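Notes follow once the structure below has been shown.
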Amino acid sequence: MYAFCRAIDDLADEGPVDRERSAAGIRAYRREIDLCYAGKPTLDVTRGLQAAVVRFGIPRQPLDDLLDGVEMDLEKVRYVTFEELRQYCLRVASAVGLVCLPIFGARDPRSREYAVDLGLALQLTNILRDLKSDAARGRIYLPLDEMAAAGYSQAELLGGARTPAFLTLMERQAERAHRYFRSAAQGLPESDRQRLLTAEVMRAIYLRLLRRIERRGFRVFDRRISVPRLTQVGLALRAWVLGDVRD
């Protein structure tokens, strides 16, 4: 599953010059998904995916949604409202979580909402971290109406301007990500807590990342902010030993 996600994610990063090649790649992967569920896929990566589909009973819809999300990256570089952006995040992030639920062995139906909310939280955090690299590709993953309300222009973002309006805008985006992190934490069914420890480690790491971005005053144009590897390992070990993750 990881290999498949990496393969299709690479299609979105080809750039405008290779858009036709990327679009052709997405069409090819759609055919391969058909074959995963009704035949014999022809690529190594999708043969591996089919083995996981059969073993874990992975539903098809999230895989289709994931391809839809990658396709959006080829066709759409601006989002007018958060609802538009949310649809994108659901497809490229929450869909991965929904695919992982049967792999992790989650059984409680409420875990679906946990996966959806966690995917949104992770992707919104990614967006804040990657503003600079996305802008270099001509992409803006912030709601344009909220940028306008804050008094921050597209030209300023593409130029990496860190203004008072930018800080106001970022605080609003960070608080939205925090809401989804809280919703995921509160919605995790106790019956699936042990099965979803891996997802909880991801939640803890990305929450640390969001807090680091905030503590550094949203200086995301200066350099890429990250969580130190030792901190990540510590969170994973704590989950393994104690059976839970502390924020």
Side-chain angles (χ1 to χ4, degrees), residues 1-15 18-76 86-126 130 141 184 187-189 191-203 205-206 232 236 239-240:
M1 183 59 210
Y2 176 77
F4 175 74
C5 288
R6 287 302 304 266
I8 64 172
D9 186 59
D10 287 345
L11 293 175
D13 293 332
E14 290 283 0
D18 296 312
R19 182 167 296 176
E20 282 302 316
R21 185 171 68 179
S22 296
I26 290 175
R27 290 193 295 271
Y29 277 120
R30 290 193 189 280
R31 291 192 295 271
E32 288 292 301
I33 293 299
D34 286 339
L35 294 174
C36 279
Y37 286 88
K40 295 182 178 180
T42 63
L43 303 176
D44 287 343
V45 67
T46 44
R47 282 195 288 267
L49 177 63
Q50 185 187 47
V53 165
V54 172
R55 178 179 177 184
F56 298 107
I58 296 173
R60 174 170 180 162
Q61 187 61 54
L63 294 173
D64 288 334
D65 290 342
L66 185 55
L67 284 169
D68 289 342
V70 174
E71 196 167 45
M72 287 176 74
D73 269 327
L74 304 182
E75 302 172 348
K76 196 175 180 66
R86 181 177 180 274
Q87 186 63 37
Y88 169 76
C89 294
L90 287 171
R91 289 174 174 174
V92 299
S94 296
V96 176
L98 293 174
V99 165
C100 288
L101 288 180
I103 296 174
F104 292 151
R107 300 170 183 170
D108 194 309
R110 293 173 296 175
S111 291
R112 286 183 56 83
E113 288 305 311
Y114 165 83
V116 168
D117 286 343
L118 181 57
L120 290 167
L122 300 185
Q123 189 63 25
L124 292 174
T125 302
N126 274 337
D130 296 338
Y141 292 102
L188 174 62
S191 59
D192 275 343
R193 182 172 296 277
Q194 291 297 314
R195 298 183 181 95
L196 293 174
L197 273 181
T198 300
E200 279 291 275
V201 170
M202 290 294 293
R203 183 178 66 82
I205 290 172
Y206 270 77
Q232 297 184 37
W240 180 263

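Everything quoted here is computed from the prediction, not taken from an experiment.
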If you measure from CZ on R30 to CD on E71, what distance do you get to the nearest 0.5 Å? 5.0 Å
Do you know which two heavy atoms are closest between A95 and L66, and how far apart they sit? CB-N, 4.2 Å
Closest heavy-atom pair and its distance - E32, P41: OE1-CB, 3.3 Å
Output side-chain donor-acceptor pairs under 3.5 Å for residues 47-62, partner residues at least two apart or in another chain, one line each.
| unit_1 | atom_1 | unit_2 | atom_2 | d |
| --- | --- | --- | --- | --- |
| R47 | NH1 | T42 | O | 3.0 |
| R47 | NH2 | D44 | OD1 | 2.3 |
| Q50 | NE2 | L35 | O | 3.4 |
| Q50 | NE2 | C36 | O | 3.3 |
| Q50 | NE2 | G39 | O | 2.7 |
| R60 | NE | D64 | OD1 | 3.4 |
| R60 | NE | D64 | OD2 | 3.0 |
| R60 | NH1 | D34 | OD1 | 3.0 |
| R60 | NH2 | D34 | OD1 | 2.4 |
| Q61 | NE2 | D65 | OD1 | 2.8 |

Identify whether the distance between the nearest side-chain nitrogen and carboxylate oxygen of D192 and R112 falls below 4.0 Å. no
So CE of M202 and OG1 of T198: to nearest 0.5 Å the spacing works out to 10.0 Å
How far apart are the closest heavy atoms of V92 and V70, and which atoms are they? CG1-N, 4.2 Å
In Å and rounded to the nearest 0.5 Å, what is the CG to CG distance from L67 to L11? 8.5 Å
Could you work out, with side-chain hydrogen bond (donor to acceptor under 3.5 Å, both in side chains) as the rule, every residue matching Y37, not counting sequence neighbours? none
Which heavy atom of A199 sits nearest a heavy atom of L118, and at what distance? O-CD2, 3.6 Å
Can you list the steps and then say if I33 with F4 is a side chain to side chain contact (heavy atoms under 4.5 Å, CB included)? CA-CA 11 Å; I33 293 299; F4 175 74; 3.8 Å; yes
Smallest separation among heavy atoms of R195 and G105, with atom names: CD-O, 2.8 Å
Classify the angle between the aromatic ring planes of Y88 and Y141 as parallel (below 30°), tilted (30 to 60°) or perpendicular (above 60°). parallel
Quick one, C100 and V96 - any side-chain contact, counting heavy atoms below 4.5 Å? yes
What is the distance from atom OG of S111 to atom CD of E113, rounded to the nearest 0.5 Å? 10.5 Å
Is the closest side-chain heavy-atom distance between D68 and M72 below 4.5 Å? no
For the CG atom of D73 and the CZ atom of R19, what is their distance to the nearest 0.5 Å? 10.0 Å
To the nearest 0.5 Å, how far apart are CG in L90 and CG in L120? 5.0 Å
If we only count heavy atoms from C-beta on, is the N126 to Y206 side-chain gap below 4.5 Å? yes
Check this for me: does any side-chain nitrogen of one of E200 and R203 sit under 4.0 Å from a carboxylate oxygen of the other? yes
Nearest heavy-atom pair of P102 and V99: which atoms, and what distance? CD-O, 3.2 Å
For the residue pair Y29 and L63, establish whether any side-chain heavy-atom pair is separated by less than 4.5 Å. no
